[in-house]
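Keep in mind that the numbers below use all heavy atoms, side chains included, and drop hydrogens, waters and symmetry copies. To find a chain, count down the sequence lines: A is the first, B the second, and so on, and within it residues start at 1.
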Amino acid sequence: MSLIHELVDEGVAPGVPVALVVAPGVGIALSWNSGRRVIADKDPLRVVAEVDTLGPRWIWWTSREDAEPLVASGIRPRACWDLGAVGRLLHGLSRDDAGAVWAAAFGLEQPPRAEGELSLLDLAGEAGDAVREDGHLSREWLRGGWADDLDRAQRWADVALRLHAVQEELVRALPDRRTGRGSTTLPYFIALSESMAALVCVELAHDGLPVDRAVLEEFLTTTVGPRPRTEVEEVSARHRRDREVWRHFPGEPVDLRNPSTVRDLLARAGIEVPDTRSWRLEPYAATSPGISALLAWRKAERVATTYGWAWAERDIGGDGRLRGTWTAAEGAGRMTASAGLHNLPSELRPSVRPLEGRVLVRADLGQIEPRVLAAVSGDAALAEAAREDDMYAPVARALSSDRATAKIAVLAAMYGQTSGAAGAALRDMDRTYPTAMAFLRAAEESGRRGADLRTYGGRLLPLSKLAGSPAAEGPDSDSAHGRGRFARNAVVQGAAAELFKAWTATVRAGLVGLDARIVMCLHDELLVEANEPDSARVVALMGTALESTASWWCAGSGVRLVAEVSVADTWADAH
DNA sequence: TCGGTCACGTA
DNA sequence: CGTACGTGACCGAG
């Protein structure tokens, strides 16, 4: 009987949680509720690929470490439960190492980060078991002490399965705040999609974003000059750009990279400003060629330092793929990316372009934050507005204002604006959408007090641990107000991030069998690189995936979620 | 060598 | 208007 048939007999089936531990070059250990076994094989990843066809829900410590070798070998696991990602969700952790996640699940103190050599003190009280007498995981095991022996790998998989059981119970105990509840709780769905987002992060880091080097190099050459071959060339290119600004100002040249000397320079020209931020200088640009030159210099300098030749050399591979490291949830719960992936200036987007025959399918969620506010606050009137394609239109009618004012008022409410022109509109918001406004105020109040909050999907926002001590500084300090604004925004931004990741996971599942992959996640925007013949199916998938996600994410709320989808050869054209 | 500040890109 | 994040240059303290 084949391995696969045996596993099926023993209860491995689609959706069944199976803890996986890979011992490189040795084999794998599996552990699930109705069985456990080790499989010795010199090529363990081949075995994982085989078992994945049964569709188990892989349980692993973190996708970052455990899925990386799978993805690198070409495996695209169907489903997982990422203990680290769920640990972050449940406990508001800023780390996801096994020792920390385990401790949090059992209500223990966070252990010190396991780094450096183990001392005798560390090993005291460890009798060779994975779990110590004090309930923490063994430092020896955390450092990979299980990896050369399948028997120990099996015990390590058992430990993961046990943590999964505890996490699952904790997740199921979280409140489900939906209007229309189903049999599966919302936080449970979110635990799954947060896990899948962590896996997507590994795939994004592996696959990279396609860059057309010729287009990029043309742009860099015209903006900052040709690629410098020596340090001398680099200095002279800098100097050439600097001179374009200096020639507009009489007297000694100053260091343009030092804001305080720039401020002096402007003062000499009769322009007094408290700081030299571009939005403050912008009004002078029309009348002062010097300011205009300085602003142009700033743009070029940004490219030269952050998105210039050095960046291209460092972060774009020989295969023309821009790669960074991705995290699935930081701060309020958004994904983050390094290597400039999340703040690529729009001028660079024409360079994001796949090879001939492939296209980019771009989809973005329209007006996502106000729609999310309507859903998570349970405000019936705002949900009514969120039935429309453009929800600011009905809001404007309700506030008897124009659309622009309505938009400002809604955004001001979500971001905690304290001053400005939205004052009157904000008071109308209070009258028209009292439930949503009370929801936001309650979040701000929690933040100010330093009381922990959970997002709609169950993410713990550890406001008691945020900068500034709530106890020492009192509820009216600057840091208390800072936490208040953060909390007010985080309950919306965080829930929007959860929705986005759930949508992303659904899109990913729908891509199986197509020649297409997700190459960018940008808060409310998804980019899929696809073989041209498959692009129409990807376009359709973006919409159907959103519908099916909305059917559980905001069940019963009446809120409509909308995605705008387009296909193009470059990121810039997909708008 | 480090943290703080300024600046600025995206959402 | 305000929030989140990552990056880089500079300053001043150590």
Side-chain angles (χ1 to χ4, degrees), chain A residues 94 209 238 242 254-263 273-282 294-295 297-308 310-311 314-315 324-349 352 362 364-370 372-373 404-426 440 443-444 447 455 461 466-467 481-497 499-500 520-527 571-572 575:
Chain A
S94 54
L209 186 69
R238 268 163 64 122
D242 292 359
V254 303
D255 181 1
L256 297 172
R257 291 161 191 83
N258 183 340
S260 76
T261 57
V262 170
R263 196 166 159 265
V273 280
D275 60 66
T276 71
R277 290 183 165 85
S278 28
W279 62 266
R280 211 185 278 286
L281 302 182
E282 202 63 59
L294 177 61
L295 291 174
W297 177 92
R298 282 257 176 89
K299 267 190 123 48
E301 181 71 4
R302 164 71 41 185
V303 170
T305 56
T306 309
Y307 305 99
W311 164 78
R314 187 182 62 241
D315 296 328
T325 54
W326 290 74
T327 68
E330 290 289 328
R334 276 183 169 183
M335 297 173 81
T336 64
S338 70
L341 281 158
H342 273 181
N343 30 5
L344 216 59
S346 56
E347 306 95 288
L348 276 150
R349 294 190 177 191
V352 176
R362 172 184 181 272
D364 78 294
L365 302 178
Q367 303 174 342
I368 188 59
E369 293 200 341
V372 163
L373 173 61
T405 308
K407 181 175 177 179
I408 289 170
V410 172
L411 296 178
M414 288 189 297
Y415 296 151
Q417 183 189 331
T418 48
S419 63
L426 271 172
L440 292 168
E444 173 157 16
T455 62
L461 302 169
L466 228 57
H481 284 283
R483 282 196 311 272
R485 278 196 307 278
F486 170 80
R488 174 185 277 265
N489 182 248
V491 289
V492 179
Q493 190 193 96
L499 164 63
F500 176 79
M520 171 61 74
C521 293
L522 189 46
H523 311 318
D524 66 350
E525 179 178 355
L526 262 182
L527 225 47
W571 193 4
H575 279 88

For this session: Could you check which of B:dC8, B:dG9, C:dT3 has an atom nearest any side-chain atom of A:Arg485?
Result: C:dT3
Problem set entry | Length of the CH2-P vector between A:Trp311 and C:dG8, whole Å | 11 Å
For this session: Would you mind reading off the distance between A:Tyr415 atom OH and C:dA4 atom P, rounded to a whole angstrom?
Result: 11 Å
Problem set entry | A:Leu461 CG - C:dA4 C1' separation (whole Å) | 13 Å
Exercise. Should A:Asp242 and A:Arg257 count as an ion pair when the cut-off is N to O under 4.0 Å?
Worked result: yes
For this session: Tell me what A:Ala339 touches on the nucleic acid: a base, only sugar-phosphate, or nothing, going by heavy atoms under 4.0 Å.
Result: sugar-phosphate
For this session: Determine the contact category for A:Arg257: base if any of its heavy atoms lies under 4.0 Å from a base atom, sugar-phosphate if only primed atoms, P, OP1 or OP2 are that close, otherwise nothing.
Result: sugar-phosphate
Problem set entry | Given B:dA11, C:dG6, B:dA7, the nucleotide with the shortest approach to the side chain of A:Ser338 | C:dG6
Exercise. When you check the gap from the basic side-chain N to the acidic O, do A:Arg298 and A:Glu282 get nearer than 4.0 Å?
Worked result: no
Exercise. Expressed in angstrom and rounded to an integer, what is the separation of A:His575 atom NE2 from B:dA11 atom C1'?
Worked result: 11 Å
For this session: Output yes when at least one side-chain N/O atom of A:Thr276 is less than 4.0 Å from OP1 or OP2 of B:dA7, else no.
Result: yes
Problem set entry | A:Arg314 side-chain proximity, nearest of B:dA11, C:dG8, C:dG6 | C:dG8
Exercise. Looking only at side-chain N and O atoms, does A:Arg238 come under 4.0 Å of OP1 or OP2 in C:dA9?
Worked result: no
Seminar exercise, completed: Taken to the nearest whole Å, CD/A:Glu444 to C1'/C:dT3 is 12 Å
Exercise. Whole Å only: how far is the CZ atom of A:Arg280 from the C1' atom of B:dA7?
Worked result: 13 Å
Problem set entry | Between C:dA4 (P) and A:Arg334 (CZ): distance, integer Å | 10 Å
Exercise. Which nucleotide in the list B:dT10, C:dA4, C:dC10 gets nearest to the side chain of A:Phe486?
Worked result: C:dA4
Problem set entry | CD-NE2 distance between A:Gln493 and A:His523, expressed to the nearest 0.5 angstrom | 7.5 Å
Exercise. Between B:dA11, B:dA7, C:dG8, which nucleotide has the shortest distance from any of its atoms to the side chain of A:Thr306?
Worked result: C:dG8
Exercise. For B:dC8, does OP1 or OP2 lie under 4.0 Å from any side-chain N or O of A:Ser278?
Worked result: yes
Exercise. Quick one: A:Leu256 CG to B:dC8 C1', roughly how many Å, whole number?
Worked result: 16 Å
